[in-house]
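So the structure is just underneath, and the comments pick up after that.
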Amino acid sequence: MVVKVAVFSYKQYDEVSFRQAETRWREKHNGTPLMDFTFFSERLNLQTASKATGFDAVCIFVNDNGSAQVVEKLHGLGIKLILLRCAGFNNVDLETCKRLGVVVMRVPRYSPHAVAEHAITLMLALTRNLHKSYFRVKNYDFRLNGLLGFDIAAKTVGVIGCGAIGKISAQILKGFGARVLAYDPFMDAKWASSVGVISVPLQQLFQESDIITIHIPLSPETKYLINANSLSQMKNGVMIVNTSRGGLIKAKDMVAAILSGKVGFLGIDVYENETPFFFEDCSGSPLSDPLFAQLLAFPNVICTAHQAFFTEQAMDAISNTTLNNAHAFVTGKAEGHPNQVLPPKTVRVPRAKL
């Protein structure tokens, strides 16, 4: 069976990656095709869902809309499978999918190194004011005034979430010589002990960390984890890095914390209302989100546009895993598959072992 897949939020690099993965698949399976892709630049939502007419599956990304209404419409069109080309699944109504028998599969581990390294990159850029010095030197201004940084080795860094990405981030930070605190409700105690990471309650991490990096999924329980209350528990001048999901930080409270000096540095690859902007060229008009515009204007904030995942290795892993997920579906092996996504009470989130 060849699975007809409607790929939403398409960019050219997506098509290149999936075409290459399909070619590799055919080479390994005597020329037998697995998937027939049709690419749509539009994001999936209630208005665009009709484009999935005549397809077996949809393939969606982080800012596509998988709400109950959209899932019901897709089901009515005959869609049996939702392929997430990402690890997060907060944009899909899993209860509705389960009720309607729509299978949801994700890519849980495309390249944890890519995201961890990007988080550390943001951290280093902020500690050494690289974003400021880059533009100065471009303008032939070679002064060092205002560029004084600090050593990570002398600091305490808190890692929130110790799945694969959090573990790699912590290990990199240990390599710098930092004191690393970590919080995870399912902490791998053996790993933490072996690498010298100190497992602590979340409140203690907030209170003692000079730098905090966030590596947890977005859920109703974790939404706005960083808010006025949690920020008040942190050190003055704390650095916060978020490469996970924008909704983990309440942007309004973050702006207030930066203005007050509570937050001294912010590095983000995500924003809670990023959907209208990220992956698009918005340079021709004023930004329609005043809060986001204010964040971007701060000199102690670095924002990248959800690019932490974007490496050659990660793109290959995403396309290959997506094809394998489709194969599991057509061969009747999706139920109970490690990449299947189920509603929260039964969701399988295995702890990473490194």
Which distance, rounded to the nearest 0.5 Å, do you find between the [atom1] of [X] and the [atom2] of [Y]?
X      : Y      : atom1 : atom2 : result
Leu126 : Ile302 : CG    : CD1   : 4.0 Å
Phe277 : Leu287 : CZ    : CG    : 4.5 Å
Phe206 : Met234 : CZ    : CE    : 4.5 Å
Ile120 : Gln171 : CD1   : CD    : 11.0 Å

Above 12 or not: heavy atoms from other molecules or residues under 6.0 Å from [atom1] of [X]?
X      : atom1 : result
Gln69  : CD    : no
Arg136 : CZ    : yes
Tyr134 : OH    : no
Tyr13  : OH    : yes

- line: Exactly one of Leu94, Ile82, Val62, Leu342 clears side-chain contact (heavy atoms from CB on, under 4.5 Å) with Phe89, and that residue is Leu94
- request: Scan Ile268, Leu291, Ile226 and name whichever one has a side-chain contact (heavy atoms from CB on, under 4.5 Å) with Met254.
  value: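 By the side-chain contact (heavy atoms from CB on, under 4.5 Å) criterion, Met254 pairs with just one of Ile268, Leu291, Ile226: Ile226.
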- prompt: Considering residues at least two apart in sequence or located in another chain, which fulfil the side-chain hydrogen bond (donor to acceptor under 3.5 Å, both in side chains) criterion with Thr213?
  reply: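 Here the qualifying residues are His215.
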query: What pairs of residues pass the salt bridge (Lys or Arg N to Asp or Glu O under 4.0 Å) test when at least one of them lies in residues 244-256, not counting sequence neighbours?
result: none
message: Strictly by salt bridge (Lys or Arg N to Asp or Glu O under 4.0 Å), give each pair with a member in residues 197-224 just once, sequence neighbours left out.
response: Arg179-Glu208, Asp210-Lys235
Less than 4.5 Å apart, side chain to side chain, heavy atoms only: is that true for [X] and [Y]?
X      : Y      : result
Ile240 : Val238 : yes
Asn320 : Arg24  : yes
Val197 : Leu173 : no
Asp14  : Met315 : yes

Can you label the angle between the [X] ring and the [Y] ring as parallel, tilted or perpendicular, going by 30° and 60°?
X     : Y     : value
Phe39 : Tyr10 : tilted
Phe37 : Phe18 : tilted
Trp25 : His29 : parallel

task: Carefully, step by step, assess Glu22 and Arg26 under the rule salt bridge (charged side-chain N to carboxylate O under 4.0 Å, His left out).
output: CA-CA 6 Å; Glu22 176 67 14; Arg26 294 189 186 206; 3.2 Å; yes
query: Any cation-pi pair here, Lys11 with Phe279, using under 6.0 Å and within 45°?
result: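 No - Lys11 does not lie over the ring of Phe279 by the 6.0 Å and 45° rule.
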Without hydrogens or angle criteria, can the side chains of [X] and [Y] be said to hold a donor-acceptor pair below 3.5 Å?
X      : Y      : result
Tyr110 : Gln313 : no
Gln307 : His118 : no
Thr322 : Asn325 : no
Asp281 : Ser283 : yes

Treating [X] as the side-chain partner and [Y] as the backbone partner, does any N or O pair qualify as donor plus acceptor under 3.5 Å?
X      : Y      : result
Asp64  : Ile60  : no
Ser193 : Lys190 : no
Asp184 : Cys162 : yes

query: When you look at Asp93 and Ser67, which way does the side-chain hydrogen bond (donor to acceptor under 3.5 Å, both in side chains) test go after all the steps?
result: CA-CA 5 Å; Asp93 191 306; Ser67 65; over 6 Å; no
Tell me the closest heavy-atom pair linking [X] and [Y], and the distance in Å.
X      : Y      : result
Leu124 : Thr127 : O-OG1, 2.9 Å
Ala6   : Phe40  : CB-CE1, 3.7 Å
Gln47  : Ser50  : O-OG, 3.8 Å

